[in-house]
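Read through the structure below, which is laid out as structure tokens, and then see the notes.
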Amino acid sequence: MVDNNETMTRSVTVIDERLQRLIKRREAAAGERETLLAQRSAIIDLAKEEAREDLSADEETEFGSLTEQIKSKDSELRSYDERITELSDEMDRDRQLTAGALAVRQARARASVANEARVYDQGNGRSYLQDLARVQLNMDGSGDSIERLRRHAQEVATDKEYRDLNRTDGNGGYFVPPLWLMSQWVELARAGRATANVVTSQALPAGTDSINVPKVATGTSTAVQTADNGAVSETDLTDTSVTAPVRTIAGQQDVAIQLLDQSPVSFDEVVFRDLVADYATKLDLQVISGSGSSGQVTGIRSTSSIETVTAGTATVVSVYGKIADAVQRVHTLRFMPPTVIVMHPRRWAWFLAAVDGNDRPLVVPSAGNPQNSMATLGVVGAEQVVGQMHGLPVVTDPNLPTTLGTGTNEDVILVMRASDLLLYESGIRTRVLPDVGSGTLTVRLQVYGYLAFTAARYPKSVVEIGGAGLVAPTFG
């Protein structure tokens with residue numbers, strides 16, 4: 001009679017083979033869908049590069065056809081997912097039944113030997129090593145040696161007998177391999193682009209290396225007419241321009257083709273995701289602190305004529321007052337309200353930790369409808385709007401510098417009318433270059449993009465708060 005456990009094991013094996021075939025088919029369908037998505041995106045990218053708002057008739061037709069094909073692939077993938085889920089659940093049930101049957105069999109075996117004398121008790125004339133040698137040399141004609149070895153194995157399982165081995169390599173450890181969770185690989189933590197996200201962003205026009213924006217330098221004038229037929233005030237308008245050169249951010253990684261072929265994960269995806277994440281960080285740093293030289297844009301802090309406020313005292317009340325001063329300067333000099341306050345996460349945490357004389361927090365959640373609070377806490381987030389102060393949203397950005405001042409540990413706070421700042425961006429381009437290192441089977445993975453930025457249209461829209469009052473805070 002065939003053992004039920006063996007039957008269930010074969011069933012699991014058959015299901016596993018079917019499951020692997022389904023998974024391969026699903027992966028192929030998913031790859032085809034990605035290709036269709038890339039083809040459809042290429043149509044939009046071409047229109048953007050040619051500065052066209054609408055697609056041509058042929059492009060519209062192709063775009064619609066690709067969309068229908070993508071919908072069909074989505075339906076196919078859902079069907080694969082349902083079948084894969086069903087088979088996976090069936091495998092889990094079979095494995096549980098197999099494990100249960102094995103446990104019952106082991107329990108019966110333990111019960112049968114529980115009250116019997118041990119096979120290799122000292123002095124009974126039987127030798128474990130002798131029986132083992134007979135079996136290995138095919139000298140166990142009667143089968144007694146193999147039967148004693150089996151019973152001994154059951155005794156060991158029943159009595160929990162263990163050898164003096166451990167998990168050290170060379171002392172048993174090689175039989176305990178490490179488990180690599182390849183599908184859960186850990187990305188490198190990188191800061192995002194919080195400040196770049198609050199300024200006005202536009203698509204970078206094609207076919208240029210400089211964005212020039214005309215600007216009125218000095219305006220006209222009006223005055224009270226002193227008398228009828230008297231002279232009317234006249235002042236000639238003068239103009240100038242604001243220039244934002246187009247700059248490049250790029251990065252690459254050379255990878256052995258064997259790594260791409262043999263890795264159980266899509267290693268090119270690992271590289272590209274990290275390159276794109278670092279691209280976002282570097283773009284944000286350019287918007288904040290680009291020097292305007294050596295291929296950099298002129299960032300907010302490097303723009304001439306922006307307003308500056310010095311925080312001389314490292315107290316929450318003092319810095320809170322300096323932020324109010326910055327707000328009024330934008331109102332007074334730009335004649336329009338500021339729209340955002342950007343600060344480092346450590347500075348916002350400093351405000352959150354502030355308490356009054358009765359140890360009550362000065363920044364409290366807005367959900368509690370607080371009264372007389374210094375600021376309100378919106379969400380516990382990162383690189384986004386986290387609360388309000390002086391009626392303005394507060395955005396935290398870890399890319400703001402924290403190594404300024406004589407003690408090289410000061411940060412800054414930016415109060416801005418962010419809509420006055422212009423950021424022009426191209427799409428991020430990726431390239432795979434197999435020819436560069438073809439002689440060594442090396443593939444180059446590359447990411448690059450273009451940007452232009454200016455805060456010089458209205459420099460008085462920006463107020464930077466810095467100074468000794470913004471030294472590194474302490475907590476607790």
Side-chain angles (χ1 to χ4, degrees), residues 190-215 217 239-253 275-310 333-334 342-344 397-429 431 446-467 470:
R190 294 188 184 276
R193 40 172 291 167
T195 302
N197 285 341
V198 301
V199 305
T200 300
S201 180
Q202 299 182 15
L204 180 70
T208 183
D209 65 353
S210 179
I211 304 294
N212 296 327
V213 182
K215 177 179 179 179
D239 64 354
T240 182
S241 65
V242 174
T243 300
V246 177
R247 302 303 192 194
T248 305
I249 297 177
Q252 65 186 26
Q253 175 69 64
L275 284 170
V276 170
D278 192 59
Y279 181 100
T281 302
K282 295 304 189 296
L283 184 141
D284 195 53
L285 287 169
Q286 283 293 293
V287 169
I288 296 170
S289 302
S291 65
S293 61
S294 301
Q296 300 187 34
V297 302
T298 301
I300 295 170
R301 300 188 59 248
S302 301
T303 301
S304 61
S305 300
I306 66 170
E307 283 293 296
T308 58
V309 172
T310 301
L333 301 174
R334 173 63 178 92
V342 182
M343 63 178 68
H344 195 277
D397 190 341
N399 286 322
L400 287 172
T402 58
T403 57
L404 305 175
T406 56
T408 66
N409 63 352
E410 299 169 11
D411 54 72
V412 295
I413 299 173
L414 299 176
V415 178
M416 306 183 295
R417 181 174 175 79
S419 57
D420 286 342
L421 284 61
L422 295 182
L423 172 63
Y424 299 90
E425 297 182 78
S426 72
I428 300 178
R429 286 82 181 273
R431 297 202 302 172
Q446 201 170 74
V447 163
Y448 72 100
Y450 305 111
L451 76 153
F453 175 77
T454 180
R457 294 171 67 240
Y458 294 101
K460 300 305 179 184
S461 292
V462 179
V463 181
E464 178 184 302
I465 305 171
L470 295 177

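The first residue of the sequence shown is numbered 1, and numbering continues consecutively from there. Nothing here was measured: the structure is a model prediction, and the numbers come from that model.
- In this structure a side-chain-to-backbone donor-acceptor pair under 3.5 Å is present from S302 to G290.
- Panel note: side chain R247, backbone P245; no donor-acceptor pair is recorded below 3.5 Å.
- No side-chain heavy atom of Y458 sits under 4.5 Å from any side-chain heavy atom of L333.
- At least one side-chain heavy atom of Q296 sits less than 4.5 Å from a side-chain heavy atom of Q286.
- In this structure, A452 and I211 approach most closely via the heavy-atom pair CB-CG1, 4.0 Å.
- In this structure, Y448 and Y279 approach most closely via the heavy-atom pair C-CE1, 4.1 Å.
- Considering every non-hydrogen atom in both Q252 and L275, the closest pair reads N-CD2, 4.0 Å.
- Not one N or O on the side chain of T308 forms a donor-acceptor pair closer than 3.5 Å with the backbone of E464.
- The side-chain contact (heavy atoms from CB on, under 4.5 Å) test with M343 is passed by exactly one of I413, D397, V412: I413.
- Rounded to the nearest 0.5 angstrom, L283 CG and S201 OG are separated by 8.5 Å.
- Side-chain atoms of L470 and H344, non-hydrogen and from C-beta on, never get closer than 4.5 Å to each other.
- Between L421 and V462 the shortest side-chain heavy-atom distance falls below 4.5 Å.
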Let me see the working for F453 and I300 under side chain to side chain contact (heavy atoms under 4.5 Å, CB included), right down to the final yes or no. CA-CA 9 Å; F453 175 77; I300 295 170; 3.7 Å; yes

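- Of the inter-residue distances, the one linking I249 atom CD1 with I428 atom CD1 reads 9.0 Å to the nearest 0.5 angstrom.
- Taking CG of D278 as the reference point, atom CZ of R190 lies at 4.0 Å (rounded to 0.5 Å).
- Here the side chains of D411 and L400 are not in contact, with every heavy-atom distance at 4.5 Å or above.
- In this structure, a donor-acceptor pair under 3.5 Å is present between the side chains of N212 and T243.
- A 4.5 Å side-chain heavy-atom check between P214 and D239 finds every atom pair outside the cut-off.
- The two residues A191 and N399 come nearest to each other via the heavy atoms CB-OD1, 3.4 Å.
- Residues L423 and R193 form a side-chain contact, since some pair of their non-hydrogen atoms from C-beta on lies under 4.5 Å apart.
- Annotation: side chain of L204 is in contact with side chain of V246 (closest heavy-atom distance under 4.5 Å).
- Heavy atoms only, all atoms of each residue included: Q202 and L422 are closest at NE2-CD2, 3.9 Å.
- Taking both residues in full, the closest heavy atoms of R334 and K460 are given as CB-O, 4.1 Å, listed atom of the first, atom of the second, then distance.
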How far apart are the C-alpha atoms of R457 and T200, what are their side-chain angles, what is the distance that settles it, and do they pass the side chain to side chain contact (heavy atoms under 4.5 Å, CB included) test? CA-CA 12 Å; R457 294 171 67 240; T200 300; over 6 Å; no

